[in-house]
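As structure tokens, the structure follows; a few thoughts come after it.
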Amino acid sequence: MDAIQKIQVLGEAAQYDICASCGKSASRVRSSLGRWIYPAILPDGRNVLLLKVLMTNTCENDCFYCANRCSRDFPRLSFRPEELAELFMSLYHNRRVQGLFLSSAISRGSAATMEKMIKTAEILRLKHKFGGYIHLKILPGASFDYVQRAVELASRVSVNLEAPSKGRLLKITSSKDFENDLLLRMKWVKSLTSRKNFLPAGQTTQFVVGAADESDREILETTDYLYREVNLTRAYFSAFQPLKDTPLEEHPPTPLMREHRLYQADFLLRRYGFKFNEIVFDGRENLPLDMDPKMAWVLKHPQEFPVEINTADRNTLLRVPGIGPKSAMRIIKARAKNKFHTLDELKEVGVVVKRAAPFILINGRPQEKSTQIPLKIPSLV
Ligand code: SF4
């Protein structure tokens with residue numbers, strides 16, 4: 001089988017790994033150029049096309065949710081490091097891709113597979129002098145030496161936690177230990193990057209949402225812990241979808257809206273200055289599906305509104321629906337010269353005035369419907 005035929009299979013198999021997206025699952029966003037090339041937004045804001053591929057789809061493990069689990073019957077393939085590096089460089093020179101996302105199933109132990117992944121990255125960096133974006137997956141149980149080399153070579157690394165705790169992970173795999181195989185590797189990445197100027201795009205993780213019957217509170221509590229304790233750059237959330245011939249094939253799929261709400265809540269933690277204990281959950285410890293998490297907080301805190309646009313500090317502005325980090329910054333910059341007088345002026349700096357109007361004052365004047373803030377919403381706790 002030639003390299004192009006392999007990439008069709010191993011690129012397709014990489015779809016379950018999320019690499020770089022902004023509030024939506026990259027696993028469902030693909031380039032028209034091929035099922036293995038994905039548009040992605042890099043941490044510096046650049047839009048690039050990534051070759052997303054597995055080193056191998058041969059796996060010795062049997063994770064209950066996974067397409068590549070060893071007990072499924074389908075053709076198994078592997079790249080050789082030289083073969084994959086050459087193929088990538090040819091796609092790169094033809095301007096089909098600008099970066100690489102390399103993940104893998106585990107064949108003959110995580111050491112043997114990590115060695116091939118590292119070797120691929122070494123060929124790209126040292127032989128081909130490729131200086132662009134490389135995202136390397138750290139496989140469960142990878143040794144410290146391999147983690148260190150991955151950190152030295154890659155722009156970003158990731159360890160897929162898949163579930164928010166040891167107990168939840170046990171519900172979806174018997175092959176990985178949450179603390180030792182996964183979390184410890186994330187701590188190593190943190191310690192390696194704090195010593196040297198490695199890994200410009202940091203480390204990330206991914207959760208398979210809903211597979212282990214976990215709640216959104218559990219996922220976000222672990223995410224918040226990872227931001228604080230291992231300098232996680234960001235978390236990705238992938239709504240579980242059952243696959244045929246897996247133990248979870250009868251398990252209900254997770255609604256995509258749940259994944260979307262997790263991304264929104266994650267944004268509140270990372271970009272809007274919210275603390276984990278401010279996130280509003282429903283009676284089942286999940287984010288409400290029928291409103292975004294910021295609105296859920298707003299409706300629980302009517303006493304905080306309306307907010308005066310011409311004097312509120314950045315954190316207060318960020319609590320207003322329709323105002324994000326960019327528009328809050330523009331408001332503060334603009335009002336230093338001239339006060340705001342109208343909603344149209346706010347629209348010009350990027351505020352979604354339809355959402356913001358009920359919650360603001362402009363020069364002491366209430367805007368439309370500002371008296372209609374509900375005092376409470378019964379479904380929230
Ligand atoms: S180790 Fe990875 S590839 Fe293998 S079955 Fe588990 S999730 Fe799938």
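Remember, it's 1-based here, ligands and their atoms both numbered in the order they're listed. Note that the coordinates shown come from a computational prediction; the quantities given were computed from them, not determined experimentally.
Interface atoms of ligand 1 facing Ala105, defined by a heavy-atom separation under 4.0 Å, are 3 (S).
The closest protein non-hydrogen atom to atom 1 (S) of ligand 1 is Asn61 ND2, 3.4 Å. Nearest protein neighbour of atom 4 (Fe) of ligand 1, counting heavy atoms only, is Cys59 SG, 2.2 Å. Ranking the protein heavy atoms by distance from atom 6 (Fe) of ligand 1 puts Cys63 SG, 2.3 Å first.
A salt bridge links Glu152 with Arg149: the closest approach of a Lys/Arg side-chain nitrogen to an acidic carboxylate oxygen falls below 4.0 angstrom. A salt bridge is absent between Asp266 and Arg271: the closest approach of a Lys/Arg side-chain nitrogen to an acidic carboxylate oxygen does not fall below 4.0 angstrom. Of the charged side-chain nitrogens involved, at least one lies within less than 4.0 Å of a carboxylate oxygen, so that Arg168 and Glu218 count as a salt-bridged pair. The pair Asp216-Arg261 fails the salt-bridge criterion, with no side-chain N (NZ, NE, NH1 or NH2) lying under 4.0 Å from an Asp/Glu carboxylate O.
A donor atom on one side chain and an acceptor atom on the other are not found under 3.5 Å apart for Tyr133 and Gln98.
Remark: distances from the non-hydrogen atoms of Lys176 to ligand 1 include one below 4.0 Å.
The nearest N, O or S atom of Cys66 is closer to atom 8 (Fe) of ligand 1 than 2.8 Å.
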